[in-house]
Chemist: 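I have a structure here, written as structure tokens, and I will follow up with some questions on it.
In what follows, every chain begins at residue 1, and chains take the letters A, B, ... in the order their sequences are listed. Computed from a predicted model, the values in this text were never measured in an experiment.
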2 protein chains.
Amino acid sequence: MSGVGVTEAPRRRAARPVDKFDERRAQLAESALQTLGTLGYARTSLREIANNSPFSHGVVHYYFQDKLELVVYSVRYYKARCVTRYDGVVADSTSAAELVDRFADRLAETIRDEAPMHRLWYDLRTQSMFEASLREAVTQIDATLQDMIWRVVSRYAELAGRTPSLPPAVAYGMLDGLFQQALLAYGDEPEQTLAALAAQVHDVMPMFLGGPAQAAAGARPTV
Amino acid sequence: MSGVGVTEAPRRRAARPVDKFDERRAQLAESALQTLGTLGYARTSLREIANNSPFSHGVVHYYFQDKLELVVYSVRYYKARCVTRYDGVVADSTSAAELVDRFADRLAETIRDEAPMHRLWYDLRTQSMFEASLREAVTQIDATLQDMIWRVVSRYAELAGRTPSLPPAVAYGMLDGLFQQALLAYGDEPEQTLAALAAQVHDVMPMFLGGPAQAAAGARPTV
DNA sequence: TCCCGATCTGGACAGTCGTCAAGAATTCTC
DNA sequence: GAGAATTCTTGACGACTGTCCAGATCGGGA
């Protein structure tokens, strides 16, 4: 099972040494992401994906069992690289204030640079409430996003010498709500929206801080 | 222009006194909501809506210009009554603690009772990022939801003798994030999810409180 | 060079969709 | 009850969808 896909499927052969097969899957995923990000899940057809790729529409079923497998593979493919987005912020910041600054900047930056991908993610997550076949992948990706946010929040508390005042799910839910709100408004008032988001993050992050951290090693938040 | 629809359209005649016309539109909206809530926006066809109604599929275009108008009308129709959901909580609570209790209960209750409607709303809001024709209606509804939440938060602060520490958009964004997270998880673990949501609201609401309220004119006596 | 499997193409299929219009059925008016 | 305006049904149209498949094309081993 290669790094990205959990539900491998067709795999006609296993001959080629370094797996040209997975390479093509990734290539198709790139094209699919471009189309999905622009049109959304419902309005994206396999023919349209193929049009934005070097291939014809028939080839999709050579590498993927059906449309759903391609879409899930593509989103996993994207999210796999983007969950590390804030790891640099976590690793390099030397003070709580610096971490907040860089975290807020990075949030705004990713809306500016990858808005279509984020729209796609929220689209897919919403569709998973109606389409059971999407649930598993969505749940798993959502958990990795929550972990990503929690790395930021817990490091933030650590740098501030405090304990996080809220469990991971709450911190993630709240920040995700603000992020989604910004993504929605971004289409109308781009720069103003991003500035507002950064300011909101500065306002909100201190709320995640609880009492002074225990001096003991590895102390967990009380919650 | 009647209470619900902003974009009236076909209106073949203006003869009937009490407007049988709007009555049928509302009736179709009810059927549409049932189907949309179950299947989601993308998977709902006009024929399916008609199947869940006393009418045949052709009648839709007699009362609505196209599918989009029916959908937007339906969601407005639903949201128009549901934005008053917490007004009783705001009006009747006599202490900050009571308000939080009742607010949290009501949030959980509406997920239990109207989950499909909430799924539909998030679906439509997400689709509006891809389909410009949905933007206007979504933006407007979102604003009324933010107002609804703000009535709760500001009254809460008032009862606590404090000032709200965050602007309406932030309070709404954060609570909406938690609500959406609960809605997503509700399918798997209903009761556990609702209990967690209520607990989260209890944790989070105090964060919305800032410094002591000014004793300025019109301020209600503190508890 | 030839061959054979891997890869890819383009068309076909069966189904669904939104929309429309002709006419039946219903309801209202006089 | 007759006539007219309405409401509603039914069937059709063209466009689009995911999927499949027969055959063209490609590329590497003999």
Chemist: Mind calculating the distance between NZ (B:Lys67) and P (D:dC16) to the nearest angstrom?
Modeler: 16 Å
Chemist: For the residue pair B:Ala185 and B:Thr193, what are the closest heavy atoms and their distance?
Modeler: O-OG1, 3.4 Å
Chemist: Find the distance B:His57:NE2 to C:dA21:P and express it as a whole number of Å.
Modeler: 14 Å
Chemist: Say whether, by atom type as modelled, one donor and one acceptor occur between the side chain of A:Lys67 and the main chain of A:Thr44 under 3.5 angstrom.
Modeler: yes
Chemist: List in numerical order all residues of residues 28-49 of chain A for which some heavy atom is under 4.0 Å away from an atom belonging to DNA chain D.
Modeler: A:Thr44, A:Ser45, A:Leu46, A:Arg47
Chemist: Quick check: does any side chain N or O of B:Gln181 sit under 3.5 Å from a backbone N or O of A:Ala169, one acting as donor and the other as acceptor?
Modeler: yes
Chemist: Expressed as a whole number of angstroms, how long is the span from B:Asp66:CG to C:dC17:C1'?
Modeler: 14 Å
Chemist: Would you verify whether the NZ or CZ of A:Arg43 falls within 45 degrees of the ring axis of B:Phe130 while also being under 6.0 Å from that six-membered ring's centre?
Modeler: no
Chemist: So, OP1 or OP2 of C:dT7: does either fall under 4.0 Å of a side-chain N or O from A:Tyr62?
Modeler: yes
Chemist: Show every donor-acceptor pair shorter than 3.5 Å between a side-chain atom in residues 80-88 of chain A and any protein atom, with sequence neighbours excluded, or say none if there are none.
Modeler:
unit_1  : atom_1 : unit_2   : atom_2 : d
A:Thr84 : OG1    : A:Arg81  : O      : 3.0
A:Arg85 : NE     : A:Thr110 : OG1    : 3.3
A:Arg85 : NH1    : A:Thr110 : OG1    : 3.3
A:Arg85 : NH2    : A:Tyr78  : OH     : 3.2
A:Arg85 : NH2    : A:Thr110 : OG1    : 3.2
A:Arg85 : NH2    : A:Glu114 : OE1    : 2.6
A:Asp87 : OD1    : A:Arg151 : NE     : 3.2
A:Asp87 : OD1    : A:Arg151 : NH2    : 3.3

Chemist: Nearest whole Å is fine: how far is C:dA6 P from A:Glu23 CD?
Modeler: 18 Å
Chemist: Whole angstroms only, please: what is the CG-P distance between B:Leu70 and C:dT19?
Modeler: 10 Å
Chemist: The side chain of A:Arg24 is closest to which nucleotide in this list: D:dT9, C:dC8, C:dT19?
Modeler: C:dC8
Chemist: Check the distance between C:dT9's C1' and A:His61's NE2 and give it to me in whole angstrom.
Modeler: 15 Å
Chemist: Just the rounded figure in Å: distance from C1' of D:dT9 to CG of B:Asn51.
Modeler: 14 Å
Chemist: Counting neighbours of CD on A:Gln192 that are heavy atoms of other residues, nucleotides or ligands and sit closer than 6.0 Å, is the number greater than 12?
Modeler: no
Chemist: From the set C:dT9, D:dC8, C:dT19, return the single nucleotide nearest to any side-chain atom of A:Phe55.
Modeler: C:dT9
